[in-house]
Amino acid sequence: MIKIESLGELESTPTPFYFYDTNLLDQTLQRVKESSAKYGFDVHFAVKANANRKILKRIAFYGLGADCVSGNEVELAIQCGFNPNQIVFAGVGKTDSEIEYALDNKIFCFHSESVQELIVINEFAAKRSIIAKIALRLNPDVKANTHHHITTGMIENKFGLSIEEVLEAKEVLPSLKNIKLIGLHYHIGSQITDLEVFRNLSEKANQLKDELFPESSFNYINMGGGLGIDYSNPSSNPIPDFEGYFSTFHKNLKVTSDQKVHFELGRSIVGQCGSLITKVTYIKGTSKRKFAVVDAGMNDLIRPALYDASHAIVNLSSKGDISTYDVVGPVCESADCFAKEIPLPQLQRGDILAIYSCGAYGEVMSSRYNMREIPYAVYSEERLVPFTEIRD
Ligand SMILES: *Cc1c(COP(=O)(O)O)cnc(C)c1O
């Protein structure tokens, strides 16, 4: 994580930009590998959290699989070194060409979300005389206790198959000769920090398997992602509790000896390694309310506007007396606000701020709204294998 002391030559780098602490990414990946290997679990990286090529190559280098939600993500994952045999493809709206692309590239498994989709995948697989592996994404109706925009496993959400739809799928599956059902998939939401939620999910998954597929033995089960990170105290908790997360599933999920458990983690792997670095353009306001206008906007980081997310912000230029500020961007929207009434060492025009915990759903969600530039990325030093040795 970037600290006041490590600003160094970045002081003259044009802002705004994403700064990735690659040492922290390495440490996080090692921890994920160790904690999952302990239980024989397989981990995929959810590409939608961060599709930066350097970051993806780094993650592929550690041997993780990829979890994709579009054909372009499948293509990018392959380009960045992920093994197609470790790529899974989810999404409620896979188009024909996306399905064909994934079939042609022999990905590991489709996570299917509707009966119609099963029929379409079967058709395209038949044309190629191949058998496509699929898992059914079930909607377990489990509450994730997270922001409503990132809750996906409740019956009112568009994701997954309801029990009624699973029964329908079971009826049509025997006639679909070019797809093979290898298992079940769940993903109930994101930024989940209460491990109790994952215990509930495990129990619900045990129950659904017994109720809906008592006669089948699957060798694949995917419990999705969703492990949250500490946005309030990133410096004290730079690496999420992977050990607690995986052990919760190990303790509560019923798994047979021929079954492999998979996960799809996004935020927890990349969230803390990224910061958005921005410069104060103007200080304005009254004695009652002071605004620090910075040169990053909601087009660079949309999480505060979209999810009411709050990110820790530090002044990298000064440790002076504390004052209270709203930190706002230049975009013509009232929602273009990173923080309201937060204490910061007194700010001046030109001070550099770091907005922490921006590695997930940050750079990847940037846009050109207001015709602003897409932010670029800068990487810190490398620890194990030099970052630069991974080809662009
Ligand atoms: C977004 C998503 C994930 C990753 O979620 P995180 O909260 O970033 O871990 C995993 N699986 C699916 C299907 C997703 O849509």
Side-chain angles (χ1 to χ4, degrees), residues 25 28-29 32 35-36 41-52 55-56 59 64-70 73-74 77 82 86-94 98 102 107-114 117 134-140 142 144-154 157-161 183-195 197-198 201 205 220-231 239-242 245-246 248-249 261-274 303 306-307 309 357-365:
L25 177 61
T28 308
L29 285 164
V32 172
S35 329
S36 57
F41 294 163
D42 274 9
V43 180
H44 301 252
F45 174 63
V47 174
K48 77 173 197 279
N50 190 317
N52 174 307
I55 301 288
L56 287 181
I59 296 170
L64 271 69
D67 161 48
C68 302
V69 291
S70 74
E73 281 191 3
V74 174
F82 287 92
Q86 289 178 286
I87 295 180
V88 293
F89 183 11
V92 289
K94 302 178 193 74
E98 289 178 315
I107 65 159
F108 173 62
C109 185
F110 289 85
H111 292 160
S112 277
E113 310 213 8
S114 67
E117 183 194 327
I134 60 125
L136 297 178
R137 176 171 180 176
L138 304 193
N139 185 327
V142 169
N145 293 330
T146 186
H147 189 271
H148 64 100
H149 282 177
I150 48 176
T151 294
T152 57
M154 298 287 290
N157 302 128
K158 69 181 176 185
F159 298 101
L161 297 140
L184 302 175
H185 170 232
Y186 301 90
H187 174 68
I188 56 168
S190 202
Q191 185 50 19
I192 298 165
T193 47
D194 178 3
L195 294 178
V197 170
F198 295 115
L201 171 62
Y220 174 76
I221 182 161
N222 188 317
M223 301 309 290
L227 177 63
I229 61 171
D230 190 342
Y231 282 99
I239 300 181
D241 182 13
F242 294 113
Y245 175 74
F246 290 123
T248 301
F249 288 99
V261 188
H262 292 236
F263 294 88
E264 310 163 331
L265 295 169
R267 188 191 311 270
S268 53
I269 293 177
V270 291
Q272 298 292 30
C273 75
R303 297 194 67 261
L306 188 58
Y307 308 122
S357 315
C358 293
Y361 308 105
E363 187 187 0
V364 75
M365 283 182 142

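Whatever order the structure lists them in is the order used to number ligands and atoms, beginning at 1.
- Under the 4.5 Å side-chain criterion, counting only non-hydrogen atoms from C-beta, F41 is not in contact with M223.
- Put simply, the side chain of H262 never gets that close to the backbone of D42: no donor and acceptor are under 3.5 Å apart.
- Under the side chain to side chain donor-acceptor pair (under 3.5 Å) criterion, H111 pairs with H185, Y220, E264, sequence neighbours left out.
- For F82, there are no ring-ring contact (aromatic ring centres under 6.0 Å, His included) partners at least two apart in sequence or on another chain.
- The protein heavy atom nearest to atom 8 (O) of ligand 1 is Y361 OH, 2.6 Å.
- Closest to atom 1 (C) of ligand 1 among all protein heavy atoms lies K48 NZ, 1.2 Å.
- The shortest N or O to N or O distance between S268 and ligand 1 is not below 3.5 Å.
- In this structure, the protein non-hydrogen atom closest to atom 4 (C) of ligand 1 is A46 CB, 3.4 Å.
- In this structure, F159 does not count as a contact residue of ligand 1, since none of its heavy atoms falls inside 4.0 Å of the ligand.
- Between the choices Q191, H187, R267, H44, the shortest heavy-atom distance to atom 5 (O) of ligand 1 belongs to H187.
- Taking 4.0 Å as the cut-off, R137 counts as a neighbour of ligand 1 on heavy-atom distance.
- The shortest N or O to N or O distance between G224 and ligand 1 is not under 3.5 Å.
- The nearest heavy-atom contact from the protein to atom 7 (O) of ligand 1 is S190 OG, 2.2 Å.
- If you run side-chain hydrogen bond (donor to acceptor under 3.5 Å, both in side chains) between S112 and each of R137, E117, K94, only E117 comes through.
- Backbone and side-chain nitrogen or oxygen atoms of G226 are examined, and one is located within less than 3.5 angstrom of a nitrogen or oxygen of ligand 1.
- The ligand atoms of ligand 1 that sit less than 4.0 angstrom from a heavy atom of G266 are 6 (P), 8 (O), 9 (O).
- With contacts defined as side-chain heavy-atom distances shorter than 4.5 Å, the pair F159/I188 does not qualify.
- Taking a 4.0 Å cut-off on heavy atoms, A360 fails to register as neighbouring ligand 1.
- In this structure, of M223, E113, E264, the residue bringing a heavy atom nearest to atom 13 (C) of ligand 1 is E264.
- Two residues are said to be in side-chain contact when any heavy atoms from C-beta on lie closer than 4.5 Å; V364 and N52 fail this criterion.
- Using cut-offs of 30° and 60° for the angle between ring planes, the F89 and F110 rings count as tilted.
- Screening I239, I229, V32, L227 for a side-chain contact (heavy atoms from CB on, under 4.5 Å) with I269, the sole residue that qualifies is V32.
- By the criterion of a heavy-atom distance under 4.0 Å, neither the backbone nor the side chain of I192 is placed next to ligand 1.
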